[in-house]
Every structure is written in structure tokens, then in C-alpha cells.
A.B. asks: 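Questions regarding the structure given below will be posed in turn.
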Amino acid sequence: MKKFEIIARSLEEWMQEQTALLSQNSREMKGIKLPAVRMLAKQYECSISTVLRAYEWLEQRHLVYAVPQSGYYAVPAGGLPAEAQWEGPLDFSSAAPDPRVFPYADFRHCVDQAIKQKQAELFLYGTDRGLPSLIDLLRKQFADYQVFAKKEQLFITSGVQQSLAVLALMPFPNGKQQVLLELPGYHNMPPLLKGLHVPYAGVHRTTEGLDWDGLERSFREDNIKFFYVMPRFHNPLGTSLSAHDRKRLIQLAHKYDVYLVEDDYLADLESDSKQDPLWSADSEGRVIYLKSYSKILFPGLRLGVAVLPYSLVPLFGAHKRMLDIDTSLLSQAALEIYIRSGMFAHHGKVIRSRYAERMRKVHEQLDAFAGLAPFARAPRTGGEHTVLPLPDRLPVSVLVPRLTKRGVLADTTERYYPQDYPRQDKMLRLNISNVPSLRVAEGMNIIREEILKLAGPNGRYPQA
């Protein structure tokens, strides 16, 4: 056994002993603090790099997390639930974060600390822009997403939904009125625009990408003030625009005086360093960047961030004030503590690791049974979901109940189109955020079997 492994195993045993001695209520907010790196190097008569390698080994196994300028801490309860212990239906339909991998104790402590630290502010109304200390922290955090902006450009909103409502209602410098949507796309956007009496148009997006001819025609002819787009891990398709396509989109927006509203809701799941947001390539002030914390933490937090070009800041601020006075100060303060303590960064690593492993299992099944056309045509995506393109003759209304009867919950992409939209591709949407990796193959096999049963008299689809 190598020296770093000896140190890591020793620390793991020590953490288990400490956990047994301390009750949950008696732990400090950051959990059990581990010995300092220099102290361990002296104790084991080794280099600092050897100790750091031991901590990295424990961190990769989600047993410890690092807090900048503070040290290493044990993950509460010795880690996260073992996937082998998860029971119940295989839920490929839910897009919510997996509640079984969220560190409730950590975030509860952050809420408690927020109440203690912000007692005075809780009895005052905040600012329309958001908690200043959180905005300053987010500005630095967003640099990791390749979103470089001044703090004056950031607004904290009550979820991305509020940002979208403000943007839909407010006038834009281009003087245009209509909103352009990707179809399929975010299912709550058409009802929102209808409710606000904002006209909209749609442009088709497939697993191959955007309908560029239709997009340019709409930019040129349809009085579009902004195009709402998900360049990264599109919902429901799961695909991302290439660097070439992102550049092309910005060029068209500049050419036709259209703004781009970039919903980067799964930025925290990105593992490809080359997948930069639209914002990073925008030199003309055409991109509005939206970031949500619902998918990486939990939807009930109701916090989103809008990063705006300077030309839109006064208009956005004025219209946000009409909708509410401020965004929940308690939620903002808790999120600030969660990020500043290093817990958010650790949780992000855990989620990325878990989801990447589950998607890898999905890809294995897609490749293993690529003779089946829907499996062959499915995008091999990152993030948390992909789709199975289905033949027109396959009765989806029969397939979904059959899957449910066999313990597999799945959803189609039907609700991601407006009801009156004539061009709807038939697809089964598969989300892995609530499916343990050890049972992905089981679920994919059931889906494959049920598709084959509905394939027709010969029991086969045409080869891809």
C-alpha cells in the first residue's frame, strides 16, 4: 500500500470514530474538521504533496471536501447514500435534482447561520438587485463559467422564471415586440408569454441542431426582440450547440438587431472545458445570461441570476421593482454561506460525478443495442438527459403506460411544444437525475423490450 493510501485509510477510520462520538446536532456547520496538511506531513514523515494526494483520494470518494483558506472537512454521515440501497420505480421522467444526494444537514446549518448573521436585515426590505455580498461572490464564481461581468450587471431574481417575465415585459432598445422560442423548448415559456400577452414565434430544433434557415428568416421578418435559447444541455433534447454554431448565432443576432437570452441552467454539470457560454463570445452586448440554482441544489430555493449588457440594466431594474420589492433575503444569505464555505463546490463535484456515471451507463446501453433505430439515433449527451427518437407509427400512448406497469417512469417531449404547434417530433425523454447508475441498464433494457413489442408484425424497426 502506498504512503498516501495509508494516510487516507487512517483518516477514514478516524472520521468514522469521530462520527460515532458526535451526534448530528452537536456538529459544527462545516462538519468535522480534519487535521491540517502540514501536521499530517510531519506526523507521517512525508511530503505535503503526499498528504494532499491522500485528501484528493478521499475527496474523489465524496468523504471529505475542501474549504478555501480553512482546510478539509468530513462530509456529514460519512458520505452519501449507497446507490445499491435505493429502491422503488426507475424514474426517468423527473427532471428535479435527486433528493437522496442532497446534503440536507449542511444546508440547514447554512440557513441557521444566515438567520443569525442577518438578523437586522431580515426586518428590512433588501435591494432590487440582490444581497450585495452575494452578488460580489457570484461575480467571482461566474468567472468559472467563463462569464466575466461587473457586479452592476448582476441581478438576483426569484428563480429564472422571474427573469424571463421581466425580459418579456420590458422594452428593448431595438424597439421590437416578439419573442422567438426554440421548439421543443422550456415548457413553461409559451404559457408565460400568453399570460403576459407577449407575442411569440417558434423555430425548430432537432437532435442535429437549429433550423438555421428558419431562424434567419424569423430574425429578418418577425420583429424579434429576443431569442430564448439553451445552448448547453438543451431541454428536452440534451444536446449542446457547437462552438461554430454559437458564433454563428451571435453573428446573426448582431446582423438583425436581435438579443439572445441564454438559459444556462445546467452550467454546473459541464465537464467539457471547450463548451463556453454565448456570453463569453459576445462583444456586441447582445447576450443576456441566465443561471439557475434549482437543478444543482433544489427548486424550492427559488433563486436565479441574470447577467445583463449595460444597456439593459436600468430597464431590467425598473421592471423587476414592479414585480417585487426584493428577492428572499434568507435564501440569498443561506446560498452565500453555502458557496463561501466551499460546500457548494463540493456538492457540485458530487453531482457531476454521479450524473456523469449514470449518463455513461445510458451510453453503454445505447451502443450495445444500436441495431434498434431509436437507440442508434439517440444523442450521446452529457448533463442529465437525452431523447429516443421514435417512429411515427409507434403508439406512445401505449408505450408509456406499459413502461409504468413494469416500474419504469418515462416522459415524452410532447409537453415541450405549444399545443397548436404543427411540427412535433415523437421522442421519449430520458432523465437520469433520479435513476441510480446500478439500475440504469435494467431500466434501459425494459424500455428496449417494450419498444420492440410495439415495433409491428416483424418485431423489428429498420436498421439505422
A.B. asks: Please report the shortest heavy-atom distance between Leu138 and Ile339, naming the atom on each side.
C.D. replies: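 That closest heavy-atom pairing would be CD2-CD1, 3.8 Å.
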A.B. asks: Using the test salt bridge (charged side-chain N to carboxylate O under 4.0 Å, His left out), find all partners of Lys225 that sit at least two apart in sequence or belong to another chain.
C.D. replies: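 With neighbours one apart ignored, the set is empty.
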A.B. asks: Could you pull out the closest heavy-atom pair between Tyr417 and Leu183, with the gap in Å?
C.D. replies: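 The pair with the smallest heavy-atom distance is CE2-C, 3.9 Å.
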A.B. asks: Hey, is Glu442 close enough to Arg439 for a salt bridge, meaning N to O under 4.0 Å?
C.D. replies: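 Result for this pair is yes, salt bridge flagged.
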A.B. asks: Taking the side chain as every heavy atom from C-beta outward, state whether Val396 and Lys426 have any pair of such atoms under 4.5 Å apart.
C.D. replies: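 Answer yes - side chains close enough.
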A.B. asks: Working to the nearest 0.5 Å, report the span between CD1 of Ile7 and CH2 of Trp14.
C.D. replies: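 Between atom CD1 of Ile7 and atom CH2 of Trp14 there are 15.0 Å.
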A.B. asks: For Leu428 and Val387: C-alpha separation, side-chain torsions, deciding distance, then whether side chain to side chain contact (heavy atoms under 4.5 Å, CB included) applies.
C.D. replies: CA-CA 5 Å; Leu428 197 68; Val387 289; over 6 Å; no
A.B. asks: Could you check whether any side-chain heavy atom of Leu237 comes within less than 4.5 Å of a side-chain heavy atom of Met427, counting everything from C-beta outward?
C.D. replies: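 They are in side-chain contact.
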A.B. asks: Which atom names give the shortest non-hydrogen contact between Leu154 and Arg129, and what distance separates them?
C.D. replies: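 Result for this residue pair: O-CG, 3.0 Å.
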A.B. asks: To the closest 0.5 Å, what do you measure between OG (Ser280) and OH (Tyr289)?
C.D. replies: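 One finds 9.5 Å between OG of Ser280 and OH of Tyr289.
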A.B. asks: As a quick check of understanding, evaluate side chain to side chain contact (heavy atoms under 4.5 Å, CB included) for Asp324 and Ser158, giving each step before the final call.
C.D. replies: CA-CA 9 Å; Asp324 67 2; Ser158 299; 3.5 Å; yes
A.B. asks: May I ask you to say whether Arg232 pairs ionically with Asp264, meaning some side-chain N is under 4.0 Å from a carboxylate O?
C.D. replies: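 Yes, charged N to carboxylate O under 4.0 Å.
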A.B. asks: Does Arg380 come within less than 4.0 Å of Asp367, counting only side-chain N to carboxylate O?
C.D. replies: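 Salt bridge between Arg380 and Asp367, a charged N being under 4.0 Å from a carboxylate O: yes.
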A.B. asks: Would you check if Met359 and Glu384 make a side-chain contact, meaning some heavy-atom pair closer than 4.5 Å?
C.D. replies: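 No, their side chains stay 4.5 Å or more apart.
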A.B. asks: If I take atom CD from residue Gln332 and atom CD1 from residue Ile135, how far apart are they, to the nearest 0.5 angstrom?
C.D. replies: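 So the gap between those two atoms works out to 7.0 Å.
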A.B. asks: Can you check salt bridge (charged side-chain N to carboxylate O under 4.0 Å, His left out) on Glu357 and Arg360, steps first, answer last?
C.D. replies: CA-CA 5 Å; Glu357 175 62 15; Arg360 187 182 68 79; 2.8 Å; yes
A.B. asks: With a 3.5 Å distance limit and no angle check, can you tell me whether His363 reaches the backbone of Thr381 through a side-chain donor-acceptor pair?
C.D. replies: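 The answer is yes, because a donor-acceptor pair under 3.5 Å joins these two groups.
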A.B. asks: Hey, are the side chains of Leu409 and Val400 touching, using non-hydrogen atoms and a 4.5 Å cut-off?
C.D. replies: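 They are not in contact (no side-chain heavy atoms under 4.5 Å apart), so the answer is no.
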A.B. asks: Using a 3.5 Å cut-off and no angle test, enumerate the donor-acceptor pairs between side-chain atoms of residues 296-309 and protein atoms at least two apart in sequence or in another chain.
C.D. replies:
none

A.B. asks: Within the distance-only criterion (no hydrogens, no angle test), does the side chain of Ser433 pair as donor or acceptor with the backbone N or O of Ala96 below 3.5 angstrom?
C.D. replies: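 Indeed, once roles are kept as given, a pair shorter than 3.5 Å links the two residues.
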A.B. asks: About how many Å separate OH of Tyr338 and CG of Leu137, when rounded to the nearest 0.5 Å?
C.D. replies: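 With rounding to 0.5 Å, CG (Leu137) is 13.5 Å from OH (Tyr338).
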A.B. asks: Distance only, no hydrogens: is a donor on one side chain within 3.5 Å (strictly under) of an acceptor on the other, for Asp282 and His254?
C.D. replies: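 There is no such pair between these side chains.
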A.B. asks: Applying the side-chain hydrogen bond (donor to acceptor under 3.5 Å, both in side chains) test to Arg415, which of Thr413, Asp411, Thr412 qualifies?
C.D. replies: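 The passing option is Asp411.
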A.B. asks: If you measure from the Lys or Arg side-chain nitrogens to the Asp or Glu carboxylate oxygens, is any gap between Lys116 and Asp112 under 4.0 Å?
C.D. replies: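 Salt bridge: no.
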A.B. asks: Donor-acceptor pair, His234 side chain versus Pro184 backbone, under 3.5 Å?
C.D. replies: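 At least one qualifying donor-acceptor pair exists.
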A.B. asks: Can a salt bridge be assigned to the pair Asp276 and Arg246 using a cut-off of 4.0 Å between side-chain N and carboxylate O?
C.D. replies: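 Here Asp276 does not pair with Arg246 in a salt bridge, since their nearest N and O are not under 4.0 Å apart.
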A.B. asks: Are Tyr259 and Phe227 an aromatic pair, judged by ring center distance below 6.0 Å?
C.D. replies: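 Ring centroids of Phe227 and Tyr259 are no less than 6.0 Å from each other.
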A.B. asks: In plain terms, say whether Arg9 and Glu13 are close enough for a salt bridge, that is, a side-chain N and a carboxylate O under 4.0 Å apart.
C.D. replies: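 No.
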A.B. asks: Would you call Asp128 and Arg321 a salt bridge, using N to O less than 4.0 angstrom?
C.D. replies: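 Salt bridge between Asp128 and Arg321, a charged N being under 4.0 Å from a carboxylate O: yes.
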A.B. asks: With distance as the sole test, does Arg358 use its side chain to make a donor-acceptor pair with the main-chain N or O of Ile432 at under 3.5 Å?
C.D. replies: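 Yes, the answer is positive, given that a donor and an acceptor are paired below the 3.5 Å cut-off.
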A.B. asks: Any side-chain heavy atom of Leu52 sitting closer than 4.5 Å to one from Glu56?
C.D. replies: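 Of all side-chain heavy-atom pairs linking Glu56 with Leu52, none is under 4.5 Å.
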A.B. asks: Tell me, yes or no, whether the heavy-atom count around Gln146 atom CD, taken from other residues, nucleotides or ligands under 6.0 Å, exceeds 12.
C.D. replies: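 Yes, because the 6.0 Å sphere around CD of Gln146 holds more than 12 heavy atoms from other groups.
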A.B. asks: What's the shortest heavy-atom distance between Leu58 and Glu12, and which atoms?
C.D. replies: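 Nearest heavy atoms, Leu58 then Glu12: CD2-CB, 4.4 Å.
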A.B. asks: Starting at OG1 of Thr386, measure out to CZ of Phe92 and round the result to the nearest 0.5 Å.
C.D. replies: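 Between Thr386 OG1 and Phe92 CZ, I get 11.5 Å after rounding to 0.5 Å.
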A.B. asks: Can you name the closest pair of heavy atoms from Leu430 and Met444 and give their distance?
C.D. replies: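 Taking every non-hydrogen atom into account, CD1-SD, 3.8 Å.
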A.B. asks: Using a 3.5 Å distance criterion without hydrogens, assess whether the side chain of Gln153 forms a donor-acceptor pair with backbone atoms of Lys150.
C.D. replies: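 At least one qualifying donor-acceptor pair exists.
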A.B. asks: Run the side chain to side chain contact (heavy atoms under 4.5 Å, CB included) test on Asp425 and Leu390 for me, step by step, so that the C-alpha distance in whole Å, both residues' side-chain angles and the decisive distance to 0.1 Å come before the verdict.
C.D. replies: CA-CA 8 Å; Asp425 296 327; Leu390 302 173; over 6 Å; no
A.B. asks: Without hydrogens or angle criteria, can the side chains of Tyr186 and Asp263 be said to hold a donor-acceptor pair below 3.5 Å?
C.D. replies: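 Judged by distance alone, the side chains do not pair up.
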A.B. asks: Taking all non-hydrogen atoms of both residues into account, name the closest pair between Asp268 and Lys291 and its distance.
C.D. replies: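 Where Asp268 meets Lys291 most closely, the heavy atoms are OD2-NZ, 2.7 Å.
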A.B. asks: Would you check, one step at a time, whether the test ring pair (Phe, Tyr, Trp, His ring centres under 6.0 Å) holds for Tyr293 with Phe344?
C.D. replies: CA-CA 10 Å; Tyr293 286 90; Phe344 179 86; 5.8 Å; yes
A.B. asks: With no hydrogens and no angle check, is any side-chain donor or acceptor of Thr157 less than 3.5 Å from a backbone partner on Gln161?
C.D. replies: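 Not a single qualifying donor-acceptor pair exists.
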A.B. asks: Got a second to check how far Gln162's CD is from Leu192's CG, nearest 0.5 Å?
C.D. replies: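 Answer for the CD-CG pair, Gln162 versus Leu192, is 11.0 Å.
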A.B. asks: Does Trp279 offer a backbone N or O that forms a donor-acceptor pair with the side chain of Glu262 under 3.5 Å?
C.D. replies: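 Present.
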A.B. asks: Got a sec, which residues hit ring-ring contact (aromatic ring centres under 6.0 Å, His included) with Tyr416, two or more places apart in sequence or on another chain?
C.D. replies: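 Residues passing ring-ring contact (aromatic ring centres under 6.0 Å, His included) with Tyr416: His187.
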A.B. asks: Treating Ser353 as the side-chain partner and Lys349 as the backbone partner, does any N or O pair qualify as donor plus acceptor under 3.5 Å?
C.D. replies: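 A pair under 3.5 Å: no.
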A.B. asks: How about Glu270 and Phe233: do any of their side-chain heavy atoms sit closer than 4.5 Å?
C.D. replies: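 Yes, side chains in contact.
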A.B. asks: Is any side-chain heavy atom of Arg205 closer than 4.5 Å to one of Leu241?
C.D. replies: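 In contact.
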A.B. asks: Are any of the side-chain heavy atoms of Ile224 and Val179 separated by less than 4.5 Å?
C.D. replies: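 A side-chain contact under 4.5 Å is absent here.
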A.B. asks: Step by step, would you call Val229 with Leu278 a side chain to side chain contact (heavy atoms under 4.5 Å, CB included)?
C.D. replies: CA-CA 10 Å; Val229 59; Leu278 290 175; 4.0 Å; yes
